[in-house]
Amino acid sequence: MTRSSTARIAAPLAAIAALGLLAGCSADTNGGGGGEPSAEDQSVVFWTPQTTPERLAAQEAVAAAFTEETGIEVEVVPMAGADQDQALVTGSATGDVPDVILHASPQTGVWASQGLLDTEAATAVVDELGVDTFNQNAIAALTIDGELSAVPSDGWTHVIAYRSDLLEQAGVEVPTSIAELADAATTVKEQLGITGLAFGTQAGTASATEGIQSIFQSAGCELVTDGEVVIDSDACTEAAEQFLQLRNSSVAGDFDVTSARAAYMNGDAAMLLFSTHILDELAGLDEATPATCPECAETPTFLADNTEFVTVLDEEDPAQYGAILGYGIPTGANTEAAQQYIEYVLGAGYVDTLAVATEGRIPLRNGTADNPTEFIEAWGGLGIGPAHERTTVEIYGDEFVDQMAEGINAVSLWGMGTPDATLAGLVFSQGVLSGQIEQLYNGVPAADVTAAMKAAVEEVQAGL
């Protein structure tokens, strides 16, 4: 299965408006919509986008442990993000809603704006657990119009994996900014004849949408500020020039997410921009995506042994592209039981919850008041890959966990936590910027390209 991180981020926001569409809602009548049930009827219906059989089984095991501790039954319902959108709107109209929904942050803003989430219930959970124990960027991302609308759970970020041996051969230092990254990638191509940085650049694709947002925002470019589209700013124009330089560091043409990963796994690229889902694959732990570099046949761990990571660019003002998942409590849900369940999966059951898919579920609750780094440290000790054979600490060392903590605590998305979040989500889901990027490839000046991007974003804005 292709691990494109695009599918893990934002469900199509436009689908939420489809009130008349019928969607199969798996919640039963105990799930909510009928007021507060009596103690003996307490139950939780939980919708999760983690739908593969092994992940579903792991979540059911956490739910069973919660039931054993509290007596509250939990029905775990696998439901992809796009299906959640439609089913929640339909269920809210009929009074039949789930009690807890694990969902991506762009959905939070839209649901909250439609009154579909119980913001007071979510805020009470965070207050109970301690707001200071959470990733503050995640708190900001899930705060809509001044109200915390969902409880941060976990996420992932983009990282730059780099071959330390190849950078040394090319005589370049580890980059600490997009400008340095672009220069390093160019030098690698010139000195070694291989791709400097592999990442999604195919115009008009989801891969390019991710690549543009990741590079642009790490370069200090904002999409929109206080309702004003600013993608044509000097910072964004410079980011576009650097994006082109990075794109031109390829010796194999434009990449999508699959071919970019393959270039690095083959040893044909010195650096790779990818999500943290690459961690197990580099270590040869995923048979579906084997390491195929020349040295890997004799030494299966060659790539992991020679790969290091940049988890934060621009340490003074980091903005790492990634995903933020949160637990939402719908309006009309079984609030008390829902709150107990969320407190459990972010407390006693948190480590087991993260272990459902370790490399893609980095904690957004860093620890507890007594131990502020408890959960991020525990994450480093969890097995990765389909069989959970080895931990990131075993493979990449103790310092890597600290690096990942820096990265996830810098996770950012354009518009997050502001009234501009809906616009930013639509621009992302509709691939607006990636539809403009080919002009850059064809020699149009960067300033003209970002001006065209601004016009395209303003067209989306006018339709809101």
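Bear in mind that the values here come from a model prediction, so they are computed numbers and not experimental data. Every heavy atom of this structure was used, including side-chain atoms; hydrogens, water molecules and symmetry mates were not.
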I want to check something: taking the side chain as every heavy atom from C-beta on, are [X] and [Y] in contact at a cut-off of under 4.5 Å?
X      : Y      : result
Glu308 : Ser164 : yes
Ile160 : Phe274 : no
Asn248 : Leu244 : yes
Val427 : Leu433 : yes
Phe46  : Val345 : no
Ser218 : Asp314 : no
Leu166 : Gln169 : yes
Cys221 : Trp414 : yes

[X] side-chain N/O to [Y] backbone N/O, donor-acceptor pair under 3.5 Å:
X      : Y      : value
Thr119 : Leu148 : no
Arg163 : Ala270 : no
Glu281 : Ile278 : no
Thr299 : Phe302 : no
Arg390 : Asp280 : no
Ser149 : Thr108 : no
His103 : Gly326 : yes
Glu406 : Val312 : no
Asn371 : Gly367 : no
Ser249 : Lys189 : no

- Anything under 30° is parallel, anything over 60° is perpendicular, the rest tilted; go ahead and classify Phe309 against Tyr396.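 Because their plane-to-plane angle is over 60°, the rings of Phe309 and Tyr396 count as perpendicular.
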Atom pair [atom1]/[atom2] of [X] and [Y] - distance to nearest 0.5 Å:
X      : Y      : atom1 : atom2 : value
Leu181 : Thr176 : CG    : OG1   : 10.0 Å
Met79  : Gln50  : CE    : CD    : 14.5 Å
Thr331 : Trp111 : OG1   : CH2   : 11.5 Å
Leu313 : Ile178 : CG    : CD1   : 5.0 Å
Gln59  : Asp352 : CD    : CG    : 12.0 Å
Gln339 : Asn334 : CD    : CG    : 9.5 Å

- Message: With side chain to side chain contact (heavy atoms under 4.5 Å, CB included) as the criterion, how do Val174 and Val310 come out once you've worked through the C-alpha distance, each side chain's angles and the decisive distance to 0.1 Å?
- Response: CA-CA 8 Å; Val174 177; Val310 175; 3.8 Å; yes
What I want to check is whether the side chains of [X] and [Y] have a donor and an acceptor closer together than 3.5 Å.
X      : Y      : result
Ser214 : Glu210 : no
Glu377 : Thr373 : yes
Gln320 : Thr157 : no
Gln213 : Tyr321 : no
Gln136 : Asn409 : no
Thr70  : Tyr341 : no
Asp183 : Gln245 : yes
Thr201 : Arg247 : no

Restricting to non-hydrogen atoms, name the atom on [X] and the atom on [Y] that form the minimum distance, rounded to 0.1 Å.
X      : Y      : value
Ser275 : His158 : N-CD2, 3.7 Å
Glu316 : Pro318 : C-CD, 3.6 Å
Ser153 : Arg361 : OG-NH2, 3.8 Å
Ala87  : Trp47  : CB-CH2, 3.6 Å
Ile194 : Asp268 : CB-O, 3.5 Å
Ala260 : Leu272 : O-CD1, 3.5 Å

- Identify the residue among Thr195, Thr307, Leu197 that makes a side chain to side chain contact (heavy atoms under 4.5 Å, CB included) with Tyr264.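 By the side chain to side chain contact (heavy atoms under 4.5 Å, CB included) criterion, Tyr264 pairs with just one of Thr195, Thr307, Leu197: Thr307.
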- Positive for side chain to side chain contact (heavy atoms under 4.5 Å, CB included) with Ile362, one of Ile376, Val401, Asn135: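 Result: among Ile376, Val401, Asn135, Ile376 is the only option passing the side chain to side chain contact (heavy atoms under 4.5 Å, CB included) with Ile362.
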- Message: So for atom CD, which belongs to Glu438, do other residues, nucleotides or ligands contribute more than 12 heavy atoms lying within a distance under 6.0 Å?
- Response: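 No, because the 6.0 Å sphere around CD of Glu438 holds 12 heavy atoms or fewer from other groups.
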- Query: Given Thr391 and Leu382, is the side chain to side chain contact (heavy atoms under 4.5 Å, CB included) satisfied, shown in steps?
  - Reply: CA-CA 5 Å; Thr391 71; Leu382 296 174; 5.8 Å; no
- Item | ring pair (Phe, Tyr, Trp, His ring centres under 6.0 Å), paired with Tyr350, selected from Trp379, Phe66, Phe375, Tyr344 |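 Answer to the ring pair (Phe, Tyr, Trp, His ring centres under 6.0 Å) test with Tyr350 among Trp379, Phe66, Phe375, Tyr344: Phe375.
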- Task: Tell me, with the steps shown, if Trp156 and Val411 meet side chain to side chain contact (heavy atoms under 4.5 Å, CB included).
- Result: CA-CA 8 Å; Trp156 53 259; Val411 66; over 6 Å; no
- Step by step, would you call Ile101 with Leu117 a side chain to side chain contact (heavy atoms under 4.5 Å, CB included)? CA-CA 10 Å; Ile101 309 177; Leu117 293 178; 5.6 Å; no
